[in-house]
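Here is how names work: the chains are called A, B, and so on, in the same order as the sequence lines, proteins then strands, and each is numbered from 1.
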Number of protein chains: 2
Amino acid sequence: MSQRNMDVTRQLIEQEACPVSEVIDHVAGKWSVGVIVAAAHGPVRFTELERAVNGVSRRMLTLTLRKLERDGLLVRTVYPTVPPKVEYELTDVARELLDTLRQLTDWAERHRMTITQARATYDLENESAAG
Amino acid sequence: MSQRNMDVTRQLIEQEACPVSEVIDHVAGKWSVGVIVAAAHGPVRFTELERAVNGVSRRMLTLTLRKLERDGLLVRTVYPTVPPKVEYELTDVARELLDTLRQLTDWAERHRMTITQARATYDLENESAAG
DNA sequence: CAGGATCCCCTGTGATACTG
DNA sequence: CAGTATCACAGGGGATCCTG
């Protein structure tokens, strides 16, 4: 076994440094949720995702996709055509999450206004001390 | 209506700058999930949370609590005793999220190892090109 | 007990420009 | 089309020390 492999093995063991909060941070991160939900209906191309995930920049979409690929949540397939074509598809592990993430977005949409207002109220109370 | 109130109203309208992804980022953030789940069973004190949420620092716990309070997800009650006592309790809006968040943590725990391994594999493949 | 204040590094993020 | 490279800057996050 190579030194590199030993390092990786040790990482796996030591990786209580990958607690649940880390995992959640990845799958439920700002952009990840949108990407996963958008990729739910089947293989999706980069540009489709770019349009589907509201407000994401090219850069962040790329980074998010890489992260999700790394975590084994989606598979990236490159078609060596001209122009290039790349498709992203959820893995089974990711699919298990779909219901949960949809609940999350549903909740967020239901209470968006309430939260925005709560925030404004809070700011008003805590800023009025200084203003 | 005061100028300040008008400003706030305008903020509310303009606040498409508070899309769903922002809300999700708050409630499903790295520490938020742990805090919300830990506060599920009733009013919780600061130190209890500190112990319950694995790996969180004093600073981040404070910031997370403030953020959640600001969003109207939990209520902070200060008892003017010596030593001081502060309790945090979920609001109804937050309680609606509990099931979803629990599904999230369950999923994360179920697949923690799979993800860690996928990561190691990915790193090995993409690093071996350079190493 | 429950933070607040400060220092400081690192990552997240947008903007912009370039490429196979 | 699907990215990569670079810059620049705010915010995340740990460490440490201080307080009502």
Side-chain angles (χ1 to χ4, degrees), chain A residues 16-19 21-22 24-35 38-39 43-71 74-89 119 123 126-127 129-130, chain B residues 16-19 21-22 24-35 38-39 43-71 74-89 119 126 129-130:
Chain A
E16 320 200 27
C18 167
S21 53
E22 297 282 349
I24 287 178
D25 200 37
H26 280 195
V27 303
K30 193 172 180 179
W31 306 118
S32 311
V33 178
V35 168
V44 204
R45 302 184 59 171
F46 189 87
T47 323
E48 293 182 70
L49 287 170
E50 202 175 357
R51 278 189 299 258
V53 182
N54 208 325
V56 74
S57 70
R58 230 187 191 77
R59 175 186 157 81
M60 285 321 295
L61 181 55
T62 302
L63 291 182
T64 303
L65 288 170
R66 290 289 171 282
K67 199 170 61 178
L68 292 177
E69 189 195 355
R70 186 166 103 104
D71 285 355
L74 48 79
V75 180
R76 178 168 177 263
T77 312
V78 183
Y79 299 91
T81 61
V82 181
K85 178 179 168 183
V86 179
E87 280 184 346
Y88 295 91
E89 189 168 18
R119 237 178 255 183
D123 290 348
N126 291 92
E127 210 175 317
Chain B
E16 318 198 28
C18 165
S21 53
E22 295 284 348
I24 287 178
D25 200 37
H26 279 196
V27 303
K30 193 171 180 179
W31 306 119
S32 311
V33 178
V35 168
V44 203
R45 302 184 58 171
F46 189 87
T47 323
E48 294 182 69
L49 287 171
E50 202 175 357
R51 278 190 299 258
V53 182
N54 208 326
V56 73
S57 70
R58 233 187 189 73
R59 172 187 159 82
M60 286 319 295
L61 181 55
T62 304
L63 291 183
T64 302
L65 288 171
R66 290 290 170 280
K67 199 169 63 177
L68 292 178
E69 190 195 354
R70 186 166 104 105
D71 285 355
L74 49 78
V75 179
R76 178 168 177 262
T77 312
V78 183
Y79 298 90
T81 60
V82 180
K85 178 179 170 185
V86 179
E87 279 184 347
Y88 295 90
E89 190 169 16
R119 238 177 254 183
N126 291 91

task: Could you tell me whether B/Y88 contacts a base, only the sugar-phosphate backbone, or nothing, with contacts defined as non-hydrogen atoms closer than 4.0 Å?
output: sugar-phosphate
Euclidean distance, atom [atom1] of residue [X] to atom [atom2] of [N] [Å, nearest integer]:
X	N	atom1	atom2	value
A/E50	C/dG14	CD	C1'	13 Å
B/R45	C/dG3	CZ	P	10 Å
B/L63	C/dA2	CG	P	17 Å
B/F46	C/dG3	CZ	C1'	6 Å
B/E87	C/dC1	CD	C1'	13 Å

task: Go through the steps to decide whether B/K30 and A/I24 satisfy the test side-chain contact (heavy atoms from CB on, under 4.5 Å), and finish with yes or no.
output: CA-CA 6 Å; B/K30 193 171 180 179; A/I24 287 178; over 6 Å; no
Report, one line per pair, each donor and acceptor closer than 3.5 Å where one atom sits in a side chain of residues 43-51 of chain B; sequence neighbours left out.
unit_1: B/E48; atom_1: OE2; unit_2: B/R45; atom_2: N; d: 3.1
unit_1: B/E50; atom_1: OE2; unit_2: B/R58; atom_2: NH1; d: 3.1

field: Closest-nucleotide ordering on DNA chain D, the 5'-leading residue of A/D25 and A/T47
entry: A/T47
- prompt: Between B/P84 and A/P84, who's closer to the 5' end of DNA chain D by nearest nucleotide?
  reply: A/P84
field: Non-hydrogen atoms of A/G55 and A/W31 that approach each other most closely
entry: O-CH2, 3.5 Å
query: Does the pair A/D123 and B/R70 meet the rule for a side-chain contact (heavy atoms from CB on, under 4.5 Å), with working shown?
result: CA-CA 8 Å; A/D123 290 348; B/R70 186 166 104 105; 2.5 Å; yes
message: I'd like to know whether B/V56 forms a side-chain contact (heavy atoms from CB on, under 4.5 Å) with B/V35, so could you lay out the CA-CA distance, the side-chain angles of the two residues, the decisive distance to 0.1 Å, and finally the verdict.
response: CA-CA 10 Å; B/V56 73; B/V35 168; over 6 Å; no
- prompt: Would you say B/S32's side chain and B/H26's backbone share a donor-acceptor pair under 3.5 angstrom?
  reply: yes
task: Kindly compute the distance separating OH (B/Y88) from CG (B/L61), expressed to the nearest 0.5 Å.
output: 7.5 Å
message: As an exercise, state the distance from CZ of B/R76 to CG of B/L65, rounded to the nearest 0.5 Å.
response: 8.5 Å
message: Below 4.0 Å from chain A heavy atoms, what is the first contacting nucleotide of DNA chain D and what is the last?
response: D/dC1 to D/dT6
Nucleic acid contacts of residues 54-61 of chain B, taken as heavy-atom distances under 4.0 Å to DNA chain C: B/R58, B/R59
query: Does the pair A/E69 and A/R66 meet the rule for a side-chain contact (heavy atoms from CB on, under 4.5 Å), with working shown?
result: CA-CA 5 Å; A/E69 189 195 355; A/R66 290 289 171 282; 4.2 Å; yes
